[in-house]
Amino acid sequence: MPEADSASLSARADTILGIHRPSRATHAHFVRAETWLRYAVPALLATFLACLGGVAGLHLQMQREDIVHAAAAEVETFARLAAAALPGETGATAADRLPALLPPAALPSGRRVLIVSPTERILAAHPPLPGAAQLPEVIGETQALTILAERAGVMRVTLPGGEAALAALHRLPGENAPRVAVVQPLGHALAAWGERARNQAILLGAAGLVIVGIAVAYGLQTRRAHAVDRLCEQIKQRLDTALGRGGCGLWDWDIPRGRIYWSDSMYALLGYRREREFLSFGDVNALVHPDDGDLYSLARGLAANQTMVDHAFRMRGADGAYVWLRTRAEIVPDPNDGGRHLVGIAVDVTEQHNLVESTATADMRLRDAVEAISEAFVLWDTGNRLVLCNSKFRHLHALSPEDAQPGRRYGEIMGRGVLPRVRRELPDAEHAGATSRTFEAELADGRWLQISERRTKDGGYVSVGTDITNLKRHQEQLVASERELIETVKDLKRSRRTLELQTQQLADLAERYLDQKAAAESANQAKSEFLANMSHELRTPLNAIIGFAELMETEVYGALGSPRYGEYCRDIRSSGNYLLSVIDDILNMSRIEAHRVKLVRRELPLDAAVKGALKLVAEPARAKSLAVTVDLCPGLRLLADERAIQQILVNLMQNAVKFTPAQGRIMVRGRPSGDHVHIYIEDSGIGIPKAALPKLGAPFAQVETNLTRSHNGSGLGLAIARSMAELHGGALRIRSEEGLGTVVLVRLPAPTPDRLRAVAAEDSSQQTVAALREASGASLRPSPVHPAVV
């Protein structure tokens, strides 16, 4: 169906041909954000790597500044301590005391202590310098340091070799005393920091390589996953297309979970539209035809270690027709959860099944036809093997059904039978040649057969034996009576004309009879169709008219205005009800005339039937102030149909109420009369003329004419009552006088033992017939035919 083919792929993103994907909420969000993450994750990794490098560089810079500040503080402290340890020393004595005060092991790497004269000449150095030198030659041009001395603090200087260093200068006590200078190269102070910086750079580079590798791997994996998804969708679409073109559908039954996956072609095969990804076990089982088993038996077979399934069954399509499917499937274990899946395809074999049934039916009809013909019939194939024969052929050759088995050769079968004696072979001018022959054979019991053999198109041949014994006898009689016939030819010629005339007359009469019969049947059919159409066409608008009249009369949706509208609505409703009753009477009378009324006779109490009928006429009787009296002998019972008795009593009581003036009286009496019960309905109404009594009880017969009638009615009440009474084996009689009233006598059977036994036997036979019909219908019920085949 187009609806099944138009289902979007996104609606089926959780499975690929029944293989379930994760369906958690987080995974669903991840699938929706997968395109964005494909570019966002590498960007986030690059940002993280840049931030990590920046933070590491900032941290190293801060560590360097901390080391420089610590080295400056140490130089300042060292200079002060050195100045304090050498008070009043000259340059020569200071040079001698420096190694004692500051052993080489106590000096940090690269630090140098200098004793400088006021003229900036280096008097002593520790560690010693090669030769005398000026202070600028050692620490460069630093006038601020030499002028300000200790007030300059620690200054960053550039050594003559271009190396950065920290330097501090302090004066010794006394005038023109030498000064102490401490020089610390930054390269030596930052050596450890440089080593740590290199290690961190190596670690950061390694981490960056790992992160870059992860980003590259993620990008490749996402591209590969996207390519795999597209490939899976292409494979699924191609497989669905192939299955749909081949009239097949894919099944994937998850046995532990009880859910079944259908491919799109399976939905299209049955005409359904996909509403959800998986079908439940019960949904699919409800579609299987009840005569073809169910999936529960299949599940039990699978539980009994059955690994393969090859099963044909019917499933109900979207249009209600059943489709024959042949399913071939195999158990496939699921490596993820250890469960078992029944995976296979279902092929539409409706056409093949119908063809097989048609072939079987045709073969059965052919065999029945061959068996029904009056001649001996046999069919042989190209290898002289028996294909088909009837009982007359077996009787002709004295063969039993076991001897004449299809597939046996001609010599084997005829060796067990009796061959008739051929007396004469007849020339066959029409089929002359080797393809056919006809001959006569005389049997042992004196019968004659004419056997005709014909070659079939496939090389076999068919043989038909016709009993011509009577023909032979007739021939003999004809030869013996030829002279008599010659003498009677003249008489026959004379009578020929008479017979031809009579034949023509008979043919004309038969043709007129057929025409009149067809006209009568057409009229009867037209009447039935008219009544059925009238029932449908009149009841529907009448029900609407009555319903809307009641709504307007009760003013459900608001006032109508003038009070006359309410009276008009009541008139409309009463007229509609009256017209419905007339239609019901016409239909009831038509069913009675067509003998379509089936009575269900039961033993009924008369008083209950009378009370039920009085309830229906109580309101119109009360409206006319009629006195209704019931006088029934106690214990009266009827053997009748309850609905029919109710209709008889209601029709008669309605007539009594209708034709009785106001303040009148109506009496209902019941008396036993042998094996019958008499019911009298008396009224003090207008009465009926004696001339009109004979036609009462006929359909549509009324006492009043169209010009003088003052009471409504279809004229079918008495006719229906009389017909119902006669169907029960009773009768209806009327006595009336004008101006005095009317007495209607209804005679109905009472429940006697013989009648009760007859009713029980009738019910039993009807039940037996119904059961036989049901059994026959079940055994001969035709298989459903696919609408496309029809």
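As the structure is a prediction and not an experimental result, all values here were calculated from the model. The analysis underlying the following values was restricted to heavy atoms, covering all of them including side chains, and did not include hydrogens, waters or symmetry mates.
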Sub-4.5 Å side-chain heavy-atom contact between Q234 and L231: yes
Restricting to non-hydrogen atoms, name the atom on A165 and the atom on P185 that form the minimum distance, rounded to 0.1 Å. CB-CA, 3.6 Å
Of all residues at least two apart in sequence or in a different chain, which pass the salt bridge (Lys or Arg N to Asp or Glu O under 4.0 Å) check with R198? E195
Between OH of Y272 and CG of L287, what distance do you get to the nearest 0.5 Å? 4.5 Å
Taking the side chain as C-beta and beyond, is there a heavy-atom pair between Q352 and V347 under 4.5 Å? no
Using the rule given for side-chain contact (heavy atoms from CB on, under 4.5 Å), can you reason through V284 versus W253, listing the C-alpha separation, both sets of side-chain angles and the distance that settles it, and then say yes or no? CA-CA 11 Å; V284 179; W253 180 2; over 6 Å; no
Nearest heavy-atom pair of L49 and G208: which atoms, and what distance? CD1-CA, 3.2 Å
Mind checking the NE2-CG spacing from H69 to L166? Nearest 0.5 Å is all I need. 10.5 Å
Please verify the inter-ring angle class for Y322 with H289; under 30° counts as parallel, over 60° as perpendicular, anything in between as tilted. perpendicular
Does the side chain of L269 come within less than 4.5 Å of M266's, by heavy atoms? yes
Side chains of Q63 and H59, donor plus acceptor under 3.5 Å: yes
Distance from T350 atom OG1 to D348 atom CG, nearest 0.5 Å? 4.0 Å
Tightest non-hydrogen contact, residues D252 and V343, listed as OD1-CG2, 3.8 Å
Of the non-hydrogen atoms in A215 and L45, which two are nearest, and what is the gap between them? CB-CD1, 3.4 Å
Closest non-hydrogen contact found for A72 with V154 is O-CG2, 3.2 Å
Could you state the interatomic distance from CG (L270) to CG (D319), rounded to the nearest 0.5 Å? 9.5 Å
Going by heavy atoms in the side chains, are L279 and Y267 under 4.5 Å from each other? yes
Is any side-chain heavy atom of R367 closer than 4.5 Å to a side-chain heavy atom of L388? yes
Quick check: closest heavy atoms across Q200 and A56, and the distance to 0.1 Å? OE1-O, 4.3 Å
May I ask you to test the L169-M155 pair for a side-chain heavy-atom distance under 4.5 Å? no
Where the side chain of R314 meets the backbone of D291, is there a donor-acceptor pair that is under 3.5 Å apart? no
Between the CE atom in M364 and the CD atom in E357, the distance rounded to the nearest 0.5 Å is 11.0 Å
Kindly say whether L60 contributes a backbone atom to a donor-acceptor pair with the side chain of W193 at under 3.5 angstrom? yes
Counting only heavy atoms not in R196, do more than 12 fall under 6.0 Å of its CZ? yes
Mind checking the CG-OG1 spacing from L366 to T359? Nearest 0.5 Å is all I need. 12.0 Å
